[in-house]
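Taking it in order: structure first as structure tokens, then the write-up.
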Number of protein chains: 4
Amino acid sequence: MNKDKPKYKQIIDAAVVVIAENGYHSSQVSKIAKKAGVADGTIYLYFKNKEDILVSLFQDKMGQFIERIEHETTSKQSAEEKLFTLVETHFQQLAADHHLAIVTQLELRQSNKELRYKINNVLKGYLAVIDNIVDEGIREKLFRDHLNRRLVRQLIFGMMDEAVTNWVMKEQRYNLEEQARDVHSLMVYGLAQPRS
Amino acid sequence: MNKDKPKYKQIIDAAVVVIAENGYHSSQVSKIAKKAGVADGTIYLYFKNKEDILVSLFQDKMGQFIERIEHETTSKQSAEEKLFTLVETHFQQLAADHHLAIVTQLELRQSNKELRYKINNVLKGYLAVIDNIVDEGIREKLFRDHLNRRLVRQLIFGMMDEAVTNWVMKEQRYNLEEQARDVHSLMVYGLAQPRS
Amino acid sequence: MNKDKPKYKQIIDAAVVVIAENGYHSSQVSKIAKKAGVADGTIYLYFKNKEDILVSLFQDKMGQFIERIEHETTSKQSAEEKLFTLVETHFQQLAADHHLAIVTQLELRQSNKELRYKINNVLKGYLAVIDNIVDEGIREKLFRDHLNRRLVRQLIFGMMDEAVTNWVMKEQRYNLEEQARDVHSLMVYGLAQPRS
Amino acid sequence: MNKDKPKYKQIIDAAVVVIAENGYHSSQVSKIAKKAGVADGTIYLYFKNKEDILVSLFQDKMGQFIERIEHETTSKQSAEEKLFTLVETHFQQLAADHHLAIVTQLELRQSNKELRYKINNVLKGYLAVIDNIVDEGIREKLFRDHLNRRLVRQLIFGMMDEAVTNWVMKEQRYNLEEQARDVHSLMVYGLAQPRS
DNA sequence: AATGAATGAGTCTTCATTCAT
DNA sequence: AATGAATGAAGACTCATTCAT
């Protein structure tokens, strides 16, 4: 399988750096090849075409991303803790890899609609993880039980995504991970004053 | 001022339709000119370049969009009501103009980073409106007072934006406006079971 | 109509010279544009793509070629004379335009099968002209009446074509037109000794 | 000598099939190697380069082709009979090997000029065979003695070649061998009505 | 002798923008 | 003000050939 060969990883990693540094539209295949230390043609031994590099990049990185989140959350007891860990791990991972953050939050969104649909498919795996936590919270009677779950998971994702995108657009000048607590709090308790 | 001349509006409106129907990358200047009923060169009498059409389009449409939301919210009494009206009007307006929804949620995001920064500047006006409502809610002691307001407005926007984007990507097959109540509820009360 | 604009002709004529001098596979669009004195992009205002230049070139030149032959032959009385005039005019025209001869006999044949089918369609008009002469000869009882006419026209064309191709491959070092009499004689009387 | 090794023949035969089935321009070295059951690199142990495969293919197949024709014709008595046998055997052989017919009549002609000159050299052997028959006919006083023999052999070849090419382009939907008699007749007696 | 992974040169076409009319 | 013909820069991908094993 091509995916286990070292050049596959080399090219993916080169693509992340090149796209983060040059922007999506200035990331020619030849530039990626050069950064990866291979010939242009070699790219095409491992990827069908340029779009395939990007889809693979996203699948690869997001696969690990989601796996890590799944792993961290399962060790937690309550749905509330799990949700916090999800937000925290989401922020942590992107804060730890600035290049990847730029690529996922800004550059990859400039791709055409078709590619974005493929990306969305990868994200379905993530939405499923969120779903499970919400379900658990409802079973625990921690969360309200008449929630529109399809909508809830969108909103949870939307909140985190917007928070990260803002942080990237502000050139990562503040600490993203510190926001995890507030974001989590908003998710769970909303804006309202606790009713006593 | 060019902006008041009829052709300016003609071109902007043509651009919305052309981009919604053909996608960002298949919306050549010549196609927009044709739809607008003017010569290619005429475009450049009203806009500096292609990007300027898109920025102007966004400013124009978003200006009206925000104005309408401001107008609707000011007539409401409480911050809670205002927030609901904001979500409702946000959803209403995009549901009423499918072309515009496609353009703002999907197509314009494929533009380059530079254009997206300009678009973000336009959105600052919207974020200010949200800010004011949150402030009011805090003053009314309806909302918690230790909220990170910069973050809160991002999350509010992120929730609505994600909800609309999903609706557009699902090809607008369900009723978006009906979700306003749930989204508002999530914003205000979060996921948690009301504590009695 | 594009075909009447001066640049259309300019580009066609440039293509003939460039292809004759450089060979089919070394005739880049940019080379043709340069020789025609227009920008690369201008080519695409007049032709759909590179292949379209070649098909149009062939249609244009062959159209004139055949027209000229038709014109010359109609003024002759007998089928025998007409056939001679056909061969003579065929040879004359190609001998008068060395570039065109190289292109039609050698270079255009390197095109892909698809293009060659299109070229063959153009040649059908020529075969029809030959057909008419053969028919007339048969009616005049000059030619045998049990001839397979579809085959006969192929053979007549094949003889001329091979003669011209040989002349081009021998770098046009001998006089092609002088061969018209012998070729005509072979067509009409064959190899055999006249029986007395 | 490489030519006697089994892989040499394997590669040549694979090339004929691959080119006939895929066309000249879709017949990559790797495709030929795969069909021949050898590695890409192995091709270069037996052939200098891709062109050398094609030239060798032509030499090989045409060598046998011409040999067979020589063999069949020598057993005939008169030049007229020999010429008929030549046409008949020419048609027979190509009708018997459709792949080869496609390759020689259509696909190999798409090769570049250089390759076609080499192919022409191979054909000189064939032209010599034709020459001999014409000479014999003249000596027998069967054929006219003031014929331009260089031209005559071209025309004889041109007639057969055009007949076969047409048959291939018509997708071999009629019987080629049946045309041998008519073609021969045209060669020997021409179009003219026998003079009594 | 045989392999096959790696190489890297080479080109058609699109489309935002200009400018003579 | 309006036109639209003309411009020309820019990049993904293929495939014949090599060479370390």
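Values below: every heavy atom of this structure, side chains too, minus hydrogens, waters and symmetry copies. Residue numbering restarts at 1 for every chain, and letters A, B, ... go by the order of the sequence lines.
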Of the candidate nucleotides [options], which contains the atom at the shortest distance from the side chain of [X]?
| X | options | value |
| --- | --- | --- |
| D/Val38 | E/dT17, E/dT3, E/dC12 | E/dT3 |
| B/Leu45 | F/dT3, F/dA6, E/dA5 | F/dT3 |
| C/Lys50 | E/dA6, E/dT18, E/dT13 | E/dT13 |

Nearest whole angstrom, please: distance from the [atom2] of [N] to the [atom1] of [X].
| X | N | atom1 | atom2 | answer |
| --- | --- | --- | --- | --- |
| B/His25 | E/dA16 | NE2 | P | 10 Å |
| D/Ile43 | E/dG4 | CD1 | P | 13 Å |
| C/Lys48 | E/dC12 | NZ | P | 16 Å |
| B/Leu54 | E/dC15 | CG | P | 15 Å |
| C/Asn49 | E/dT11 | CG | P | 17 Å |
| B/Glu51 | E/dT17 | CD | C1' | 14 Å |

Give one of base, sugar-phosphate or nothing for [X], where a contact means two heavy atoms less than 4.0 Å apart.
| X | answer |
| --- | --- |
| D/Lys7 | sugar-phosphate |
| D/Tyr46 | sugar-phosphate |
| C/Val29 | base |
| B/Lys31 | nothing |

Of C/Ala39 and D/Ser27, the one whose closest DNA chain F nucleotide lies more 5': C/Ala39
Residue met sooner reading DNA chain F from 5', once D/Asp40 and C/Gly41 are mapped to nucleotides: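 Comparing both residues, the 5'-ward one is C/Gly41.
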Short side-chain donor-acceptor distance under 3.5 Å, A/Asn121 and A/Lys118: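 No, no side-chain donor-acceptor contact under 3.5 Å.
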Heavy-atom closest pair, residues D/Ile43 and D/Ile32: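 Here D/Ile43 and D/Ile32 meet closest at CD1-CG2, 4.3 Å.
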Geometric cation-pi criterion B/Lys7 and B/Phe47, 6.0 Å radius, 45° cone: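 So B/Lys7 doesn't make the cation-pi contact.
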Base-pairing mate for F/dT14 - Watson-Crick or G-U, with both contacts under 3.5 Å: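 Paired with E/dA9.
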Counterpart base for E/dT21, defined by Watson-Crick or G-U wobble contacts under 3.5 Å: F/dA2
